[in-house]
Amino acid sequence: MARFVLRRLLQSAVVLLGVTLVVFLLLQLVPGDPVRVALGTRFDQETYDALRERSGLDRPLLAQYLSYVGHALTGDLGVSFRSGQPVTTIVLERLPATLSLAVTAVLLALLVAVPLGIVSAVRSGSLVDHAARVFSQFGVSVPDFWMGIMAILLFAGVLGWLPPSGYVALTEDPARWASHVILPAAAVGLVTASILTRFIRSSVLEVLAEDYVRTAEAKGLRGRVVVLRHVLRNALIPVVTVVAVQVASLIGGVIVIEVLFAWPGIGRLTYDAVQARDYPVLQGAVLFVASLFLLVNLLVDILYARLDPRITLR
Amino acid sequence: MTREVLAIEELTVTLGTRRGAARAVAGVDWSVAAGQTFALVGESGSGKSMSVLAATGLAPRTARVTGRVRLLGEELTAVSPQRRRRLRGRHVGFVFQDPMTSLNPVLTVGRQVAEGCEEHLGMTRRQARDRAVELLDLVGIPSPAQRVDAYPHQFSGGMRQRAVIAMALACEPDLLIADEPTTALDVTTQAQIVELVADLQRRLGTAVVWITHDLGVVAGVADTVAVMYGGRIVEQGPVDAVFAAPGHPYTRALLAARPDPAHAGGDLPAIDGSPPNPLDLPAGCAFWPRCPVRGDARCADELPPLTEVAPGHRVRTFYPAREAR
Amino acid sequence: MTGGDATTGGVRPGATTPHQPTGAAVPGPPAGAAESVAELDDLRVWFPARGGPPVRAVDGVSLTVRRGETLGLVGESGSGKSTTGLALLRLVDPTGGTIRVAGEDVTGWSRRRLRALRRRVAMVFQDPQASLDPRLTVGASIAEPLIVHGLVDSAPARRRRVAELLDLVGLRAELAGRHPHELSGGQRQRVGIARALAGEPDLIVLDEPIASLDLSVQAQIMNLLRRLQRELTLTYLFIAHDLAAVEHMSDRVAVMYLGRIVETGTPAQLYREPAHPYTAALLSAIPVADPAVERHRRRIILGGDVPSPADPPSGCRFRTRCPQARPDCAEQDPVPVEVGPGHLAACRYVGEAVPAMRADPPVPRPAEPGPHPAGT
Amino acid sequence: MSRREPGGTPARVQPAPDTGAEPVGPGGGDGGLRRALAALWRDPPAVAGTVVLLLLVVVGVAGSWLAPAGVNDVDVDRMLQPPSGEHPFGTDELGRDVLSRVLVAARVSLQVGLVSVGIALAVGVTVGLLAGYYRGWADAVLMRAMDVLFAFPVLLLAVAIVAVLGPGLLTAMVAIGVVYTPIFARVTRAGVLSVREQVFVRAAISIGASDLRIMRRHVLPNIAAPLIVQTSLSLAFAILSEAALSFLGLGVQPPAPAWGRMLYDGRGFVTDAWWLGFFPGAAIFLTVLAFNLVGDALRDVLDPRQLTVSEARRSTS
């Protein structure tokens, strides 16, 4: 077990280094002088020199990279070209909004997907199964931002039940937060729910075909016991991975929905950074999200090893 | 006369497959009594496992099962699925071919042995665990009090099969169904398992249905034997009679096809062709296309009846007298 | 210690040639066929294991396959018999020892030269379904060695040769256009044999060629293999766990246990007078298809499981399961002892152990069920 | 009383007879593809998907001829008109015919999808093949590189690449291609690893076949099935990604029409002019659905056990 964790840690560290390299190179790929491009019409020599020095763009490439990684390790992701604020602060400010949206979306998705996936596998070929398959096919094919637009049209426009966009912090006013989060979370959660439903269905089906399920049935156990004790315990182990990974990728991935619903999360931050050519913020947000993703993956793999007794052997 | 434990009459199993209906088992009758071992022999696809699984309600969902099955005098086909499930768990134990896959990898061995006792004997978890330790000891697993909490992957193949046997015996069943229990094991481990089952049977008086393709194992374990081919029983009788005077050309061919030290050197009397496809069975005798005797056109079109050639020894052929040795 | 002493039970080249099998029913190899096709000397194949000592699949095996004979290699799973066969084609890399094929030391041959080796030595695999590429026609599979080794130039000549090979293994030529899934198991194994014959090899390694076939088909394949051997003067290394089949097929037999050869001899010697306790136990474990015999026979039931090949017992590897093990068995690797002409067994107490085992029922171990009393 | 997949179980409970004159399993045999197509034809959703895709190709090729009006025919007198006989999908805020724009935009979507998936397929399969076949350090280096790309959420990476390289059709195709490369590398590598362990590959090695021959003759044909499935599903994801990029203004630049961009431009008007939001979105949905239906059906026929964690990771948005 310790060896396994160590190996995974090492692997993640290598990948993380690669991620910093990619993120670092992003800035180098900008045609021309990024600071100049960023300043655009707001150009004045003093600001320009200050930014250029602060971002270390006048030094050799390797030195720049090393100092970038060095600073990143201490939590320093540079300063915004636009506001001059530390990037780390900006990203962390946006985290609660994104996190609350992602978690709500995944919770909604689980609420739908777990029962639906299990029932559609156990009653494979039944009406529920067919409905579940239509639902998941619909969910993975529909663009979430289109769902969002249609939802705004219906619930904010026609019915007027919910606000079309905007954000209130959960800590500030939970009720208003909820009224704002429900549409974007549903739009995102629909896709997640579809993916999870399919995954759970196929995972359960796979386990149902295992010999040990027949053994359990041969023992004369009740159907419920067979499903709960023998099937789900095996089938849901991989699902844990997928759920965690979904949360992680939603944190960085809901750009379009955040833009559509004016949700001030990391996705929206990225979008604004792109619009403003604020490259340090873009870099910082991307690096932050990728690191988070790696961390979640690492934790999930370790959790997986804890859940499946066979893995401890390796 | 000893007590009849399981009796099957006119059992037919049809499987719906992607390629059409396959008649896996067609009109099979047999029974097994307490303390006795009944062996079902046949090649792959002969219907030997399917007949037993279907009789006990473990056939796949696509299977259509007809016929009568009596377990301890109770008509299984007439009771509710719940009752059938309870009867099965309480009175029948199963050992399957691959001990690797027939244990759940994420539950401890002890838990899997114990859960039958909780379900059917109303034991508490604590009692069931103690019982599991006893059972593991009974099947010869060393230091059972520790091994009870181990996971299946921590056991060797032979130990796993012992654990499966312990699981099958948990409720002291009247019937043990062993479906190719030694096929996946090495020959020295097979000998251990064969001995173990024989010993337990003697001590517990269990009836055993042993499904196998290995005639050597049959000779060692069985009291009576049925040879299956193409979903039907082609020969059935006391093990001595069947081995000493096999009446069906298929049985004879099977026995002759095994290499025998006495006839080393020469060619083996092989059977041409391959076992039949359950999707496409001949109208008459399924063995006819490969039969060395071949009989006449009647064999191709008409199903030969099971004919008694000696007390309790029946052969499905038109030519019992001429063919019996 | 791993050097010369480890030739446990191996048939040392010098020691074997003078003696021809003498078993009455066993046809010896053709006269003047003492030439060896393949020799293994102290072969070791260890596989690295993550986070542990290497798995010693083969650990000091020496044997010789003579031209025109069938050498049977028996053992249970994990004995290293298949790995030994793979080593002859260099399909696994030897950790130590030498492999000689047709007089040439191929142990260190480069990947380029291996192509030539793999023409001289061909292989038939256990599962004919798995060993044929499902996407290739039967003809294409059989033709592959012809193409790889540049044996036949034109496509029509290749087709003729494929038809010839199919005919040789008893299949109709039109099967060349079929795919493996359209064939029966027996037919597929015939295709596997045809492919092995394509390059006219000096030696064919038969790795459990009948194990996954139905009983009625096994006999067909054994007959075919024997007929081909007679007609084409082939040399076989017949690897199997089925002792009856090995006895039927082989001129000589080597028994493996945990990476070592424990006994070698003719089938007649081994089966009638096994000299190694493991061979005796193995033989007694095989059920005989005769209820009368089975009922009165006394079995030697071995205790426990085969130890891990990553951590084999010291001294005699069989001692942990041997009913006749004595304390000093742990001390030294037993050296193969000649107990008859060409009959070698690696046991310190050869001549005592087996008769003792047969006389006394084995002592029941706490871990084991009691022995089956004779004549129940 | 037992709940198992039909079809699979009989073979498990009772070994399937090997005499069958018919194929044994899915994906086996060269007749596999032909049989797969036949099976697809019997699957109504797959047929529907195929029909939609064919229509789409026609529209993609001939969109500008089919369009009743020019895509940039601005008509200030007819702004934001609801669907009518003259403008079946209505008009937008500049009075342009929405139907014409939707039709013409099909080409962009298809083009981006095909080119980007083409890039991902070519690079990913090469990487996966080398990594899986040679293992060792090549595997470690290549797959760690793929892991790096995999660590970024799809759209985030695409946005970052486009932001840096400058928005446009070409950069969108490259960005989406890069983003979907690792999945092909992984699918290929997993396939190669499992095929490599097959006895028939060992048999090919045993007769002295070269690495190149084994990869070409034995490995690639046997991993074609999962790759075909992955290609079809990736096309769906790539088109969604392109729509998202366009929605963010990072795809094809105006005035050229793109479905995502039309949604973005129309989003301010949705409460008044629902058709601006509805039709372009429906076009994306139908296209993606069609690819998904075909991909799923292909998977059912060719490769029934392929719903992997990695696919689930590749969600868009």
Participant: At their closest point, which heavy atom of A:Tyr279 faces which heavy atom of D:Ala163, and how far apart are they?
Facilitator: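 So the minimum-distance heavy-atom pair works out to OH-O, 4.1 Å.
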Participant: Are side-chain heavy atoms of D:Leu248 and A:Val256 found at a separation under 4.5 Å?
Facilitator: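 Yes, at least one pair of side-chain atoms sits under 4.5 Å.
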Participant: Checking heavy atoms, do the side chain of A:Phe138, its backbone, both or neither come under 4.5 Å from chain D?
Facilitator: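 Both backbone and side chain of A:Phe138 come within 4.5 Å of chain D.
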Participant: Can you find a heavy atom in the side chain of A:Ile149 that is under 4.5 Å from one in the side chain of D:Phe247?
Facilitator: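 Yes, close enough: below the 4.5 Å cut-off.
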Participant: About how many Å separate OG of A:Ser249 and CG of D:Leu155, when rounded to the nearest 0.5 Å?
Facilitator: 11.0 Å
Participant: Rounded to the nearest 0.5 Å, how far apart are CG of D:Leu156 and OG1 of A:Thr270?
Facilitator: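 Output value for this atom pair is 5.0 Å.
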Participant: How many angstroms lie between CG in D:Asp147 and CD in A:Gln11, if you round to the nearest 0.5 Å?
Facilitator: 7.0 Å
Participant: Give, as side chain, backbone, both or neither, the part of A:Gln28 having an atom under 4.5 angstrom from any heavy atom of chain D.
Facilitator: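 Neither part.
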Participant: Given side chains that start at C-beta, do those of A:Pro143 and D:Val288 come closer than 4.5 Å, heavy atoms only?
Facilitator: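 Side-chain contact under 4.5 Å: no.
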Participant: Between D:Trp274 (side chain) and A:Leu153 (backbone), is there a donor-acceptor pair under 3.5 Å?
Facilitator: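 Such a contact is absent between D:Trp274 side chain and A:Leu153 backbone.
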Participant: Are A:Val19 and D:Phe152 packed together at the side-chain level, in the sense that at least one heavy-atom pair is separated by less than 4.5 angstrom?
Facilitator: yes
Participant: Is there side-chain contact between A:Phe145 and D:Leu263, with heavy atoms separated by less than 4.5 Å?
Facilitator: yes
Participant: In Å and rounded to the nearest 0.5 Å, what is the CG to CD distance from D:Leu293 to A:Gln137?
Facilitator: 4.5 Å
Participant: What part of A:Val22 gets within 4.5 angstrom of chain D, counting heavy atoms only: side chain, backbone, both, or neither?
Facilitator: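 Side chain only.
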Participant: By a 4.5 Å heavy-atom criterion (distance strictly below it), what part of D:Tyr264 contacts chain A: side chain, backbone, both, or neither?
Facilitator: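 Interface part for D:Tyr264: side chain.
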Participant: Out of D:Asp296, D:Ile284, D:Val159, return the one with the most heavy atom pairs under 4.5 angstrom to chain A.
Facilitator: D:Asp296
Participant: In Å and rounded to the nearest 0.5 Å, what is the CZ to CE distance from D:Phe285 to A:Met147?
Facilitator: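 D:Phe285 CZ to A:Met147 CE: 9.0 Å, rounded to 0.5 Å.
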Participant: Specify which of A:Leu282, A:Leu294, A:Leu26 makes the most heavy-atom pairs with chain D at under 4.5 Å.
Facilitator: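 Looking at each option in turn, the highest pair count goes to A:Leu26.
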Participant: Can you tell me how far CG of D:Leu240 sits from CH2 of A:Trp146, rounded to the nearest 0.5 angstrom?
Facilitator: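 CG of D:Leu240 is found 11.5 Å from CH2 of A:Trp146.
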Participant: Is the shortest heavy-atom distance from the side chain of D:Phe150 to the side chain of A:Val15 under 4.5 Å?
Facilitator: no
Participant: With a 4.5 angstrom heavy-atom cut-off, could you sort out which part of D:Ala145 is near chain A: side chain, backbone, both or neither?
Facilitator: neither
Participant: Between D:Leu250 and chain A, which part of the residue has a heavy atom less than 4.5 Å away: side chain, backbone, both or neither?
Facilitator: side chain
Participant: If you count heavy-atom pairs under 4.5 Å with chain A, which of D:Ala282, D:Ala243, D:Pro280 comes out on top?
Facilitator: D:Ala282
